[in-house]
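All values derive from a computational prediction rather than experimental measurement.
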Amino acid sequence: MKITALNGFKDILPDEIKQWRIVENIATDILERFNFSEIRLPILEKTDLFARSIGESTDIVEKEMYTFVEKQVTMRPEATASLVRAYIQHGLYVQKPVQKLFTIGPMFRHERPQKGRLRQFTQLSAEVLGSASAKIDAELIGMASYFFKTLNLDVSLELNSLGCPDCRPAFRQKLLAFIEDKYDHLCDDCKRRSTTNPLRVLDCKVESCRKEVADAPSIQESLCDVCADHFTTVQKSLDQLQIPYSLNKFMVRGLDYYVRTTFEFLTSDLGAQAAVCAGGRYDGLIEQLGGPKLPGIGFAMGLERLVLLLQQQQEEQEKTCETDLFVAGFGEGPSSFTFELVHALRLSSLRVAQDVEGKGLKSQMKQADKIGARFVLIIGDDELDSGVGVLRNMQTKEETKVSLTVEAVLEQVNNSTC
RNA sequence: GUGGAUGUAGCUCAGUUGGUUAGAGCACCUGGUUGUGGCCCAGGAGGCCGAGAGUUCAAAUCUCUUCAUCCACCCCA
């Protein structure tokens, strides 16, 4: 009976780490250029935090959270709630009126796993707290858009506005009336949705439902003046930054706190998991969680999905040299000598590999080749006696002599780049 | 939670109407070069055929149960 990882939990093996580093490094670089600061948050929070922010009746809160019932704590299913909690708890709004924050880390949702969907998954969340400006919406969306462009990923941007507590109820009524007429023609899921969350009927995947709601009232035409203004400015600002998008009146968001601007970056290469980045404005959330009456907007990106896309959409990366030098000592005396030399070379900043199994030279050469070492330093009895080793360049096959001192080896290896 | 598919070597997969000792490719190890990598050649190691029960003289193969994984629904990043 082998012990395996839990269903929906995945090991990220060394071969995949390169892609993760690419995603993380490019992301943090871009975030910093857009003046975002990193914040690191706990994974465990009081259950109540998520119930109050995400919404009591959402699927996430109702049946997908990993909760320790007796302790009333939950493994976070998303980061925005925790981030806003920290923002309020530490009074960050006092120091700076507008806070731009990001965080990267694991989230947990107990759903049935499938392609691009895990029970533990990693999200990058970027949030701007304290600004209601539509320009911020465009700036944030523009940043995400630039990020995907930098990664050379093929994604599309969809945009919608969900209105605000002033105008959404009226739209909801209009939509309910519309749905009532079509009720008998809708799928079972939509019949259920029409009472629990009517907006969700709009983005049903069933073909017949899509037809039925094709001419449903558009929320974009039911916005109040303030929301309509905001939405127009977001679009104008995106145009100004030359960021392509399409309006999608059927796009709604799953979390209760979203108002006004919502957006998704979509791909067609991940099966049912089309969204690689999604977000929106949540102007009431901070106040709802006990903070000041300040607006906010943010997005979350699923990094596993991005890594999958990188693997699918990009050509194999060239093998980069991850090891500068392989020190091959063979024979008892040389092996003892190289053991010490290798340590010293590592302390002096080189990436050095060695064999400690007492293998022959040929086997050590194979190892060196396999890990992509740039150089091999060969030391047998002769070299140890003379104090001069053989340094082989693995690409050019060129061999030079080098004194067996840290300084001499360091100089020769650093002289040539990968 | 619902539906469908798949479980054979580290990986990708063959395996006939049930029939000796379960195979291939890649990867790994050793040798061909007693001190030199990639290519080539020779050899080697590696399997409770997901697990449990049943049918049978005989099960990787048929039946049942169970577990796991994948895909889709739901939901969502």
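Residue A/His343 places its NE2 atom among 12 or fewer non-hydrogen atoms of other residues, nucleotides or ligands, all under 6.0 Å distant. Other residues, nucleotides and ligands place more than 12 heavy atoms under 6.0 Å from the CD atom of A/Glu399.
When the P atom is used for both B/G15 and B/G31, the distance is 37 Å, rounded to whole Å. Across the P atoms, B/A60 and B/A51 are found 11 Å apart, a figure rounded to whole Å. Distance check on atom C1': B/A45 versus B/C29 gives 7 Å, rounded to whole Å. With C1' as the reference atom, B/G7 and B/C76 are 29 Å apart, rounded to whole Å. Comparing the P positions of B/G25 and B/A72 gives an interatomic distance of 34 Å, to the nearest angstrom. Taking atom C1' on both nucleotides, B/U17 is separated from B/C13 by 23 Å, rounded to a whole Å. Distance check on atom C1': B/A22 versus B/C49 gives 8 Å, rounded to whole Å. Here the separation of B/C28 from B/C71, taken at their C1' atoms, is 33 Å to the nearest Å.
In this structure, CG of A/Asp355 is placed 15 Å from P of B/G35, rounded to the nearest angstrom. Between the CZ atom of A/Arg392 and the C1' atom of B/G38 there is a distance of 11 Å, given to the nearest Å. What separates CG of A/Asp382 from P of B/G35 is a distance of 10 Å, to the nearest Å. The separation between A/Leu13 atom CG and B/G10 atom C1' is 12 Å, rounded to whole Å. Across the protein-nucleic acid pair, A/Asp15 atom CG and B/G10 atom C1' stand 12 Å apart, rounded to whole Å. Remark: P of B/G38 and CG of A/Leu361 are 12 Å apart, rounded to the nearest angstrom. The nearest whole Å value for the distance from the NZ atom in A/Lys362 to the P atom in B/G32 is 7 Å. Rounded to whole Å, atom C1' of B/G37 lies 4 Å from atom CG of A/Asp369.
A donor and an acceptor atom never sit less than 3.5 Å apart when one is taken from the side chain of A/Gln364 and the other from the base of B/U36.
Comment: A/Arg76 does not engage A/Glu45 in a salt bridge, judged by the lack of any side-chain N to carboxylate O separation of less than 4.0 angstrom. A salt bridge is defined here as a Lys NZ or Arg NE, NH1 or NH2 lying under 4.0 Å from an Asp or Glu carboxylate O, and A/Arg119 with A/Glu111 fails to meet this definition. Taking 4.0 Å as the cut-off between side-chain N and carboxylate O, A/Lys10 and A/Glu16 count as a salt-bridged pair. For A/Arg52 and A/Asp48, the salt-bridge test passes: some basic side-chain N is under 4.0 Å from an acidic carboxylate O. With respect to the salt-bridge test (charged N to carboxylate O, under 4.0 angstrom), the residues A/Lys115 and A/Glu304 do not qualify.
Heavy atoms of A/Glu383 sit under 4.0 angstrom from at least one base atom. Residue A/Phe299 is out of contact with every strand shown, counting any heavy-atom pair closer than 4.0 Å.
When only modelled atom types and interatomic distance are considered, A/Thr262 and A/Asn160 share no side-chain donor-acceptor pair under 3.5 Å. Checked by atom type, the side-chain pair A/Tyr258/A/Asp283 shows no donor-acceptor distance below 3.5 Å. Checked by atom type, the side-chain pair A/Ser53/A/Gln288 shows no donor-acceptor distance below 3.5 Å. A donor atom on one side chain and an acceptor atom on the other are not found under 3.5 Å apart for A/Asn393 and A/Glu398. Residues A/Ser222 and A/Lys174 have side chains that bring a donor and an acceptor to within less than 3.5 angstrom of each other.
An OP1 or OP2 oxygen of B/A27 is reached within less than 4.0 angstrom by no side-chain nitrogen or oxygen of A/Lys370. Under 4.0 angstrom from either OP1 or OP2 of B/C29 there lies no side-chain N or O belonging to A/Ser363.
Nucleotides of RNA chain B nearest to A/Asp381 and A/Gln367 differ in position, and the one nearer the 5' end is that of A/Gln367.
A/Tyr87 and A/Tyr93 have their aromatic ring centers within a separation under 6.0 angstrom.
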Each nucleotide N or O in nucleotides 43-47 of chain B that has a protein N or O under 3.5 Å away: list the pair and distance.
none

Spell out protein contact along nucleotides 70-77 of chain B as letters: B when the base is contacted, S when just the sugar-phosphate is, - when no protein heavy atom is under 4.0 Å; keep the 5' to 3' order.
-SBBBBBB

Using Watson-Crick and G-U wobble pairs whose two distances are both under 3.5 Å, how do you write the pairing of RNA chain B as dot-bracket, with | for links to another strand?
(((((((..((((.....[...)))).(((((.......))))).....(((((..]....))))))))))))....

